[in-house]
Amino acid sequence: MGAARTSRTPLPGIGVRYDLVTRERRRLSVVAEPGGARTLSAYRKNDPDDRALAVRLDADEAAVIVDALRPAHHSPSLLSTTELGLVAERIGLSAVSHWNGRLLGDTCTRSETGVSIVAVLRRTEALPSPGPDFRLAGGDTLIVIGTREGVDAAAEILGRE
């Protein structure tokens, strides 16, 4: 098997297409649109022009995929929360979220679910350890840690529109 090959092709009016040919000679592509949406495509091995799969992702979904593919995501130096019965997840606030412009403490997430919000990702910055007086904004991504049940309950609370 040869080495993986990549290429980048500007698509005027659409965005940029990134192509990867794997060591196994499988072709994958990602079309990145300026607004953050992505279309991930996989092609058949016996015909590199025959698309077998195409998945359109919004910006938040694409960020989740990127995070899952990052080598640091599975770093052995990171705390393995599942061994402790905990999960860590990202919960996104929509632009029309009920919590847009409100204080984190108003959500009562910690007292009602036992979940800790350990950071907020906003645009290009990470804001660690937000307190109850932290003002939320649509588009924020909250990093939460807790039990599976607690995180699911927190997602329900924070997903309110």
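FYI, side chains are in, hydrogens and waters are out, and symmetry mates aren't considered; it's all heavy atoms of this structure.
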- Residue list, side chain to side chain contact (heavy atoms under 4.5 Å, CB included) with D58, at least two apart or on another chain: D60, E61
- Task: Could you identify which residues cluster with V64, counting Ile, Leu, Val, Met, Phe, Trp and Tyr as linked when any side-chain heavy atoms lie under 4.5 Å apart, either directly or through a chain of such contacts?
- Result: none
- Item | Closest non-hydrogen atom pair between P34 and G15, with its separation | CD-CA, 4.2 Å
- Query: Is a donor on one side and an acceptor on the other found under 3.5 Å between the side chain of W99 and the backbone of G159?
  - Reply: no
- A59 meets the side chain to side chain contact (heavy atoms under 4.5 Å, CB included) criterion, sequence neighbours left out, with none
- For R8, side chain to side chain contact (heavy atoms under 4.5 Å, CB included) partners two or more places apart: V16, Y18
- Message: Run L28 and R26 through side-chain contact (heavy atoms from CB on, under 4.5 Å) and show every step you take.
- Response: CA-CA 7 Å; L28 303 171; R26 298 297 302 258; 5.5 Å; no
- If you group Ile, Leu, Val, Met, Phe, Trp and Tyr by side-chain heavy-atom gaps below 4.5 Å, do I91 and F134 land in one group? yes
- Item | Contact list for residues 142-152, test salt bridge (Lys or Arg N to Asp or Glu O under 4.0 Å), sequence neighbours left out | E89-R148, R148-D152
- Item | Nearest-0.5 Å distance, CZ of residue R90 to OG1 of residue T141 | 6.5 Å
- Pairs involving residues 131-140, ordered by first then second residue, that meet side-chain hydrogen bond (donor to acceptor under 3.5 Å, both in side chains) (sequence neighbours left out): R122-D140
- Checking side chain to side chain contact (heavy atoms under 4.5 Å, CB included) against R17, which of V30, T39, T9 comes through? T9
- Item | Hydrophobic cluster partners of I14 (side-chain heavy atoms under 4.5 Å) | L11, V31
- Item | Those residues that, when tested against E33, pass salt bridge (charged side-chain N to carboxylate O under 4.0 Å, His left out) (two or more places apart) | R56
- Query: How about I143 and V120: do any of their side-chain heavy atoms sit closer than 4.5 Å?
  - Reply: no
- Answer yes or no: is there a donor N or O on one side and an acceptor on the other, between the side chain of R160 and the main chain of E156, under 3.5 Å? no
- Note on the structure: Sequence neighbours excluded, the answer for side chain to side chain donor-acceptor pair (under 3.5 Å) partners of S94 is E161
- Task: Looking only at non-hydrogen atoms, find the nearest pair between N100 and G138 and report the distance.
- Result: OD1-N, 2.9 Å
- Task: Determine whether I157 and V87 fall in the same hydrophobic cluster, where Ile, Leu, Val, Met, Phe, Trp and Tyr are linked whenever their side-chain heavy atoms lie under 4.5 Å apart.
- Result: yes
- Task: Tell me who clusters with V96, hydrophobic residues only, linked when side chains sit under 4.5 Å apart either directly or through other members.
- Result: none
Result block: side-chain N/O donor-acceptor pairs under 3.5 angstrom for residues 103-118, not counting sequence neighbours:
| unit_1 | atom_1 | unit_2 | atom_2 | d |
| --- | --- | --- | --- | --- |
| D106 | OD2 | L103 | N | 3.4 |
| T107 | OG1 | L104 | O | 2.7 |
| T107 | OG1 | T109 | N | 3.3 |
| T107 | OG1 | T109 | OG1 | 2.8 |
| R110 | NH1 | S116 | OG | 2.3 |
| S111 | OG | C108 | O | 3.2 |
| T113 | OG1 | T109 | O | 2.5 |
| T113 | OG1 | V115 | N | 3.1 |

- Message: Give me each pair satisfying salt bridge (Lys or Arg N to Asp or Glu O under 4.0 Å) with a member in residues 35-44, each pair once, sequence neighbours excluded.
- Response: R44-D50
- Item | CG-CZ distance between L20 and R27, expressed to the nearest 0.5 angstrom | 10.5 Å
